[in-house]
2 protein chains.
Amino acid sequence: MTGAIRPIHARGGHHLVQQRRNYPHVARRLEDLAIPVFRNRGEEIHGSDCSDVYWYRVLSGSARCYVVLPGGRRQILDLLLPDDFFGFTGDEGHFYGIDAVVDNTNVACYPREALQTLADSDSAVAHEISAMVLGAMSRSQQLILILGRTTAREKVGAFLVKIMQRVVNDDAGRLVLPTSRYDIADYLALSVETVSRALTDLTHRGLISLAGPRRVRILNRCGLDEQLTSDSDRQGD
Amino acid sequence: MTGAIRPIHARGGHHLVQQRRNYPHVARRLEDLAIPVFRNRGEEIHGSDCSDVYWYRVLSGSARCYVVLPGGRRQILDLLLPDDFFGFTGDEGHFYGIDAVVDNTNVACYPREALQTLADSDSAVAHEISAMVLGAMSRSQQLILILGRTTAREKVGAFLVKIMQRVVNDDAGRLVLPTSRYDIADYLALSVETVSRALTDLTHRGLISLAGPRRVRILNRCGLDEQLTSDSDRQGD
DNA sequence: CGAGCCGTTGAGTTCATTCAAACAGGGTGG
DNA sequence: CCACCCTGTTTGAATGAACTCAACGGCTCG
């Protein structure tokens with residue numbers, strides 16, 4: 001499954017690190033450690049077997065980190081856009097992996113040991129890493145807040161707002177979703193049908209408008225965000 | 001609200017840090033930075049105003065980190081037991097805070113700047129911090145997995161299994177919950193009634209037994225964990 | 001003893017899910 | 001070019017689950 005990149009690792013990974021450790025005056029940078037991986041939509045970037053060996057960072061495209069629960073359901077733990085950093089933290093008993101979400105996704109895989117070694121010797125790198133880990137932590141907390149929402153409409157609305165903050169979008173609130181309905185469903189712990197219904201519902205309420213399944217326009221961001229408080233929808237409709 | 005600890009901070013916080021920075025030969029340890037806070041059940045440890053200034057670590061007792069959503073619902077982001085580390089990551093627009101869950105809870109508050117400075121000069125401390133951040137990340141991911149479960153029974157079951165792994169419990173699977181039903185509800189994004197019903201349901205199924213509201217005994221851990229797959233409950237009941 | 005909090009149980013409603021079907025778009029091959 | 005398939009999306013109907021509102025029992029503390 002993931003064998004394609006392991007030779008690269010064996011060739012340029014730990015060995016190179018050990019070699020260079022003896023020359024601290026050589027400015028080693030994060031990118032020197034990166035094992036580049038290119039994948040098309042749906043292809044596995046890394047699988048369950050070596051998930052605690054690497055850290056991952058999306059360079060272009062987007063990826064999803066997920067866990068397959070014993071029941072067969074897939075829970076997406078994180079949606080990775082360019083510059084996002086991610087690593088699994090040893091949840092045992094599940095199959096977990098990282099897939100590309102769009103074609104030509106480029107992910108950098110950093111061997112953890114080597115990254116640690118580099119961080120020890122270069123505090124600028126250490127700062128960069130901790131900033132990225134903090135970013136991952138932030139996305140994690142925000143997903144908890146979304147999953148903690150009560151209704152599907154609120155979850156989808158909050159998802160759209162969060163995504164809008166992360167992807168390129170014009171001032172008019174137009175954005176292109178990187179994900180399919182199935183990915184949204186597995187991210188929000190909903191069924192596909194419910195996601196679809198929530199989107200049409202939001203459209204009918206005038207909060208968003210859809211131009212094709214992926215092209216969303218946020219018409220009323222505050223309305224999306226504070227749908228929680230909305231008992232106003234009963235009055236307004 | 002949180003004014004009680006600010007004088008301590010002003011007295012021994014950044015000032016002390018700046019002073020000692022000039023003596024790198026002095027072995028500065030994490031505990032030197034800690035602002036100790038003692039709180040009883042329900043008392044606030046830190047509130048919304050200074051949540052991005054500190055990192056927190058529970059030394060004894062337990063605490064809850066939560067966010068109050070616009071609608072008034074409280075989502076608990078993390079349940080902190082001794083040695084657990086936590087920090088908010090800048091979710092704007094919400095009120096968030098940390099409360100003690102049991103009496104005599106002792107929490108160490110570390111000023112972030114000073115912690116960073118210390119980590120830069122002492123790689124052992126940096127390792128310790130990154131290990132603790134990783135622990136927080138792990139709990140975060142596990143909560144996502146719990147929230148991603150479909151039924152309330154699964155959520156509560158998974159919660160019990162996770163808690164069992166973290167609190168002291170004898171070999172017979174007996175443990176004492178640190179939390180009330182309300183806290184469990186806000187942690188799992190369920191209503192209190194649903195939590196209560198799920199617990200009695202699990203009892204009827206023979207997976208747990210209750211000796212008082214807080215005293216739980218896990219009778220069948222695998223059954224709790226893999227309730228996901230269980231269509232067996234229809235046959236068995 | 002009363003007040004207040006916590007926990008449980010019941011009844012009715014709301015909401016998400018499942019199962020099912022239909023539709024749209026992109027690709028391939030005839 | 002059209003037929004066809006496949007994937008992704010949407011909508012409908014019926015079931016099932018969690019929520020709200022409500023009431024009650026237990027417990028602690030003043």
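A:R153 pairs in a side-chain contact (heavy atoms from CB on, under 4.5 Å) with only one of the listed residues (A:D201, A:T194, A:L199), which is A:D201.
Between A:F88 and A:F86, the two ring planes are perpendicular [angle over 60°; tilted spans 30° to 60°]. Below 30°, between 30° and 60°, or above 60°: for B:W55 and B:F85 the angle between ring planes is below 30°, a parallel geometry.
Remark: B:L207 CG to B:R221 CZ distance equals 13.0 Å, nearest 0.5 Å.
As a whole-Å value, the separation of A:K155 NZ from C:dA16 C1' is 9 Å. Rounded to whole angstrom, the span from the CG atom of A:D183 across to the P atom of D:dT7 amounts to 15 Å. Taking atom CG of residue B:D103 and atom C1' of nucleotide D:dT28, one finds them 13 Å apart after rounding to whole Å. Distance A:Y182 OH to C:dT17 P: 14 Å, rounded to the nearest Å. In this structure, the CG atom of B:L147 is 15 Å from the C1' atom of D:dA18, given to the nearest Å. To the nearest angstrom, C1' of C:dA16 lies 13 Å from CG of A:L188. Residue A:R149 contributes atom CZ, which lies 18 Å from atom C1' of C:dA16 at whole-angstrom precision. If you take CG of B:L210 and C1' of C:dG7, they are 11 Å apart, rounded to a whole angstrom.
Across C:dG7, D:dT9, C:dT18, the shortest atom-to-atom separation from the side chain of B:R181 is found for C:dG7. Distances were taken from every side-chain heavy atom of A:R41 (C-beta onward) to each of D:dG8, D:dC19, C:dC6; the shortest belongs to D:dG8.
Ion pairing of A:R64 with A:D186 is absent here, as no side-chain N (NZ or NE/NH1/NH2) approaches a carboxylate O to less than 4.0 Å.
Nearer to the 5' terminus of DNA chain D, by closest-nucleotide assignment, is the contact made by A:V195 (compared with the other of A:V195 and A:T150). Comparing A:T179 and B:A152 along DNA chain D, the residue whose closest nucleotide (by nearest heavy atom) sits nearer the 5' end is A:T179.
Within a 6.0 Å radius of CZ in B:R214, other residues, nucleotides and ligands contribute more than 12 heavy atoms.
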Any protein N or O atoms within reach of nucleotides 9-12 of chain C? Criterion: under 3.5 Å, listing atom names and distances.
residue: C:dG10; atom: N7; partner: B:R197; partner atom: NH1; Å: 3.0
residue: C:dG10; atom: O6; partner: B:R197; partner atom: NH2; Å: 3.2

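Residue B:A189 is classed as a sugar-phosphate contact, given heavy-atom separations below 4.0 Å to backbone atoms only.
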Carefully, step by step, assess B:Y56 and B:H46 under the rule side-chain hydrogen bond (donor to acceptor under 3.5 Å, both in side chains). CA-CA 9 Å; B:Y56 304 92; B:H46 257 184; 2.3 Å; yes
